[in-house]
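Everything numeric here is computed off the predicted structure, so don't read it as measured data.
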Amino acid sequence: QVKLVDSGGDLVQPGGSLRLSCAASGFTLDNYHIGWFRQAPGKEREGVACISRSGIRSNSLNSVKGRFTISRDNAKSMMYLQMTDLKPEDTAVYYCAAGWSPYPGICGLILDGYNYWGQGTQVIVSS
């Protein structure tokens with residue numbers, strides 16, 4: 001059974017940090033580019049960051065560049081999103097996702113490019 005289970009969301013003060021984790025099972029993560037998406041109340045889901053199958057290429061939303069870092073551990077079938085200097089506008093439900101790809105060095109932030117999704121973890125940035 002294919003499953004992505006994301007965790008690590010919490011209430012944090014502005015300027016704080018969080019690390020989101022996502023555990024994959026039921027498929028070989030090596031064959032998938034991975035991404036983190038988020039959806040704030042009343043807004044559409046948007047891509048935050050992605051990383052290619054090989055881990056050598058990543059991409060991220062302009063507003064999180066320099067603050068968020070995506071990583072993966074294929075051996076453990078895990079993916080992570082390290083978030084620092086969090087801002088109230090980062091408040092959202094965050095979702096991990098995996099998309100099958102024949103290209104080891106490419107990833108994208110388009111929702112249609114992902115096959116599997118986590119259930120979401122809530123991040124609230126507030127004082």
- [ ] Indicate yes or no for a side-chain donor-acceptor contact from Asp6 to the backbone of Cys96 under 3.5 Å, with no hydrogens or angles considered.
- [x] yes
Task: Glu46 side chain reached by Arg38 side chain, heavy atoms, under 4.5 Å - done: yes
- [ ] Please determine, by modelled atom types, if Asn59 and Arg57 share a side-chain donor-acceptor pair under 3.5 angstrom.
- [x] no
Open item on the list: Once disulfide bond (SG atoms under 2.5 Å apart) is applied, what residue pairs with a partner in residues 27-59 remain, sequence neighbours excluded?
Closed with: Cys50-Cys107
TODO: Could you list the residues that satisfy ring-ring contact (aromatic ring centres under 6.0 Å, His included) with Phe68, not counting sequence neighbours?
DONE: none
Open item on the list: Here's a test for you: under ring-ring contact (aromatic ring centres under 6.0 Å, His included), which of Trp100, Trp36, Tyr32, Phe37 qualifies with Tyr114?
Closed with: Phe37
Open item on the list: Strictly distance-based, threshold 3.5 Å: is any side-chain N or O of Arg45 a donor or acceptor partner for the main-chain N or O of Leu111?
Closed with: no
Open item on the list: Tell me every residue that passes ring-ring contact (aromatic ring centres under 6.0 Å, His included) with Tyr94, counting only those two or more places apart in sequence or in another chain.
Closed with: none
Open item on the list: Could you work out, with salt bridge (charged side-chain N to carboxylate O under 4.0 Å, His left out) as the rule, every residue matching Asp10, not counting sequence neighbours?
Closed with: none
Open item on the list: Less than 4.5 Å apart, side chain to side chain, heavy atoms only: is that true for Val123 and Asp90?
Closed with: no
Task: Residue pairs, two or more places apart or on separate chains, that pass side chain to side chain donor-acceptor pair (under 3.5 Å) and touch residues 15-30 - done: none
TODO: Only counting residues at least two apart or in another chain, list the ones meeting ring-ring contact (aromatic ring centres under 6.0 Å, His included) with Tyr80.
DONE: none
